[in-house]
Amino acid sequence: MIESLLIANRGEIARRIIRTARRLGVRAIAVHSEADAGMPFVLEADEAVCVGPANPAQSYRNTDAILAAAKQTGAQAIHPGYGFLSENADFARTVEANGLVWVGPSADAISAMGDKINARNLMAAAGVPVAPGSQDPAASVEEAIGAAAAIGYPVMVKAAAGGGGMGMAVANDEAGLRTEFDKVRAFAERMFGDGSVLIERFFPRVRHVEVQILGLADGRVIALSERECSVQRRNQKLLEEAPSPAVGPELRQRFLAAAVQAGEAVKYRNAGTVECLLDPASGEFFFLEMNTRLQVEHPITELIHGIDLVEQQLRIASGEAPTFDVDELTTRGHAIELRVNAEDPKRFLPGPGKVATWVEPSGEGIRVDSGYGPDTTVTPFYDSLMAKLIVVGADRPEAIARARAAVAGFEIAGPKNNLPFFAELLENEEFLSGDYDTGIVARMR
């Protein structure tokens with residue numbers, strides 16, 4: 001087992017990784033920006049190193065500073081968490097070139113899945129269902145119009161190098177495509193340094209379902225369970241649940257088989273997620289993308305399987321077998337995760353500020369993975385996620401009941417937060433029915 005681990009991240013995911021490292025007797029090393037010097041993850045680590053100013057480009061994305069911190073502290077391995085450098089293939093290669101263990105998939109797998117067009121084509125060749133779309137980047141708006149004509153409107157205009165729901169727009173006709181193509185290309189160049197644009201079929205009513213995979217140290221790829229991620233604002237997830245209320249036994253087997261095919265196609269190792277779009281009308285699903293890292297919503301999979309995914313990541317990176325019997329993997333109960341963000345609960349605009357009150361709920365089936373606490377400050381430099389409120393119950397109704405109680409018992413004063421939105425959602429008839437799609441938040445607003 002790895003003996004010392006540098007966590008190249010911050011907030012709740014850094015605390016989450018530290019918790020598992022401590023349980024396993026692994027020395028946990030935090031890196032932090034000047035703005036995060038007094039944050040809980042820094043105080044809880046066995047050792048902490050400041051790697052630069054608040055600006056992520058000068059700290060959490062500063063590869064030279066992070067590698068210097070690893071050398072200074074004698075770290076044996078680096079866990080990137082999610083976001084920042086987690087899907088940066090060049091960084092993964094550099095980590096290994098410096099004699100460190102990379103707790104994640106190979107740089108080749110990250111690179112192959114990082115380009116959405118390349119990923120689509122690889123998955124199609126491997127027999128994984130993909131939505132109708134362009135096989136090559138649209139180099140001009142005229143090429144995009146030609147692709148859309150073949151696919152049929154409406155279409156999704158998507159940054160090929162994007163992720164996390166960013167760099168996406170819907171065009172309902174040629175005029176809309178002309179407008180959105182230029183916007184998406186400019187955004188992609190600015191945010192990702194790559195203006196390549198993909199055109200694919202847009203489903204007006206669709207569900208977002210994903211499958212957790214693990215590429216084991218012995219070369220096998222296994223699929224755990226699916227997660228429902230259709231409660232979204234601006235294509236970014238707010239609530240996830242597992243298992244999906246839209247997926248029955250037969251469809252589940254098809255999902256899991258396709259996810260394994262996807263992982264095997266790139267010789268995947270470590271934790272990853274195969275994201276798909278599910279057309280509820282036809283029961284068809286299509287590959288969307290593969291996230292080559294640990295997902296924000298991994299706790300709901302942990303709770304219904306009774307396993308620690310961060311521990312499995314560390315064991316795989318150490319060349320060890322998983323802690324569970326792969327052939328006897330079962331699920332139990334229903335879990336829901338709510339992303340508690342520092343944002344306006346109506347318009348979902350960021351609302352940073354100093355935390356005056358922070359009281360976390362507790363009780364049977366309630367888990368809180370938080371990055372903040374009393375007297376901490378949500379700054380405008382980073383993602384608005386403050387905590388993940390996770391509940392598990394014997395079934396979906398019990399999980400929803402526990403989520404309601406947990407939301408009511410979570411007290412935050414200071415920064416704006418979206419707990420009032422979750423209180424509303426958990427009483428919404430469409431959500432309660434389980435028959436909802438990615439448009440549910442827009443319909444509520």
Side-chain angles (χ1 to χ4, degrees), residues 82 87 103-106 109-110 112-113 119-120 122-131 207-230 237 240-279 283-317 320-335 337 392:
Y82 55 74
E87 293 179 284
V103 184
S106 70
I110 295 172
M113 293 294 99
R120 274 176 49 88
L122 275 173
M123 294 301 101
V128 178
V130 297
R207 298 184 76 131
H208 187 148
V209 180
E210 64 187 26
V211 178
Q212 176 72 59
I213 63 170
L214 284 175
L216 304 180
D218 64 10
R220 289 178 294 168
V221 176
I222 64 169
L224 302 182
S225 60
E226 86 283 352
R227 298 185 288 248
E228 176 74 52
C229 306
S230 296
K237 303 163 188 173
E240 303 94 354
E241 57 180 314
S244 166
V247 177
E250 186 274 334
L251 180 56
R252 177 167 297 113
Q253 289 305 310
R254 288 197 284 130
F255 260 120
L256 300 187
V260 170
Q261 282 180 284
E264 290 177 341
V266 290
K267 298 180 180 178
Y268 201 85
R269 297 295 173 269
N270 220 273
T273 299
V274 178
E275 303 207 16
C276 299
L277 297 178
L278 171 64
D279 181 356
E284 293 181 283
F285 66 88
F286 305 98
F287 173 82
L288 177 63
E289 63 184 7
M290 183 187 289
N291 292 130
T292 51
R293 55 173 167 78
L294 190 66
Q295 291 278 87
V296 176
E297 57 271 23
H298 75 273
I300 54 177
T301 297
E302 293 185 320
L303 289 176
I304 65 170
H305 281 294
I307 62 176
D308 181 331
L309 285 173
V310 174
E311 177 179 358
Q312 307 316 313
Q313 287 191 286
L314 295 176
R315 292 192 180 280
I316 292 167
E320 297 184 4
T323 59
F324 56 89
D325 187 336
V326 171
D327 298 319
E328 298 294 332
L329 193 60
T330 59
T331 62
R332 187 174 183 179
H334 195 95
E337 176 182 287
V392 64

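On a predicted model such as this, the values are computed, not experimentally measured, just so you know. Each residue takes its place number in the sequence, starting with 1.
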>> Could you work out, with ring pair (Phe, Tyr, Trp, His ring centres under 6.0 Å) as the rule, every residue matching Tyr82, not counting sequence neighbours?
In response: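 For Tyr82, no residue satisfies ring pair (Phe, Tyr, Trp, His ring centres under 6.0 Å) once neighbours in sequence are set aside.
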> Looking at residues at least two apart in the chain, or sitting in another chain, which of them share a ring pair (Phe, Tyr, Trp, His ring centres under 6.0 Å) with Phe285?
Replying inline: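 Expected list: Phe255.
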How would you list, by chain and number, every residue that makes a side chain to side chain donor-acceptor pair (under 3.5 Å) with [X], sequence neighbours excluded?
X	answer
Glu210	Arg227, Lys237, Gln295
Ser106	none
Glu240	Arg339
His305	Ser225

> Which residues pass the side chain to side chain contact (heavy atoms under 4.5 Å, CB included) test with Leu214, sequence neighbours left out?
Replying inline: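 For Leu214 the side chain to side chain contact (heavy atoms under 4.5 Å, CB included) partners, ignoring immediate neighbours, are Leu216, Ile222, Leu224, Ala271, Leu309, Gln312, Ile316, Phe324.
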Ignoring hydrogens, what is the shortest heavy-atom contact between [X] and [Y]? Give both atom names and the distance.
X	Y	answer
Asn270	Pro105	CB-N, 3.9 Å
Arg120	Phe287	N-CE2, 4.3 Å
Ala258	Val128	O-CG2, 3.7 Å
Met290	Gly263	CE-N, 4.0 Å
Leu329	Ala223	CD2-O, 4.2 Å
Pro243	Gly333	CD-O, 3.7 Å

Just wondering, do [Y] and [X] contact through their side chains at under 4.5 Å, heavy atoms?
X	Y	result
Cys276	Leu278	no
His298	Thr301	no
Cys229	Glu297	yes

> Given the rule in the side chain to side chain contact (heavy atoms under 4.5 Å, CB included) test, do Leu251 and Arg254 qualify, once you have shown the distances and angles that lead to the verdict?
Replying inline: CA-CA 5 Å; Leu251 180 56; Arg254 288 197 284 130; 3.3 Å; yes
> Is there any salt bridge (charged side-chain N to carboxylate O under 4.0 Å, His left out) pair reaching into residues 213-226, and which pairs are they, with sequence neighbours excluded?
Replying inline: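 Of all non-adjacent pairs touching residues 213-226, those that pass salt bridge (charged side-chain N to carboxylate O under 4.0 Å, His left out) are Asp218-Arg220, Glu226-Arg252.
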> Side chain of Glu289, backbone of Glu275: donor and acceptor closer than 3.5 Å?
Replying inline: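 Not confirmed, Glu289 side chain does not pair with Glu275 backbone.
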> Taking atom CD1 of Ile307 and atom CD of Glu302, what is their separation to the nearest 0.5 Å?
Replying inline: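 If we round to the nearest 0.5 Å, Ile307:CD1 and Glu302:CD are 7.5 Å apart.
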> With Glu320, which residues qualify under salt bridge (Lys or Arg N to Asp or Glu O under 4.0 Å), at least two apart?
Replying inline: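 Salt bridge (Lys or Arg N to Asp or Glu O under 4.0 Å) list for Glu320, sorted by chain: Arg315.
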>> Just to verify, what does Asp308 make a salt bridge (Lys or Arg N to Asp or Glu O under 4.0 Å) with, not counting sequence neighbours?
In response: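 Scan of Asp308 (salt bridge (Lys or Arg N to Asp or Glu O under 4.0 Å), adjacent residues dropped) gives Arg16, Arg23.
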> So which pairs with a foot in residues 324-335 pass side-chain hydrogen bond (donor to acceptor under 3.5 Å, both in side chains), sequence neighbours left out?
Replying inline: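 Found Glu241-His334.
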>> Does anything in residues 258-269 form a side-chain hydrogen bond (donor to acceptor under 3.5 Å, both in side chains)? List the pairs, not counting sequence neighbours.
In response: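 Those involving residues 258-269 do not exist here.
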> side chain to side chain contact (heavy atoms under 4.5 Å, CB included) between Glu337 and Val296: does it pass, once the steps are laid out?
Replying inline: CA-CA 10 Å; Glu337 176 182 287; Val296 176; 3.9 Å; yes
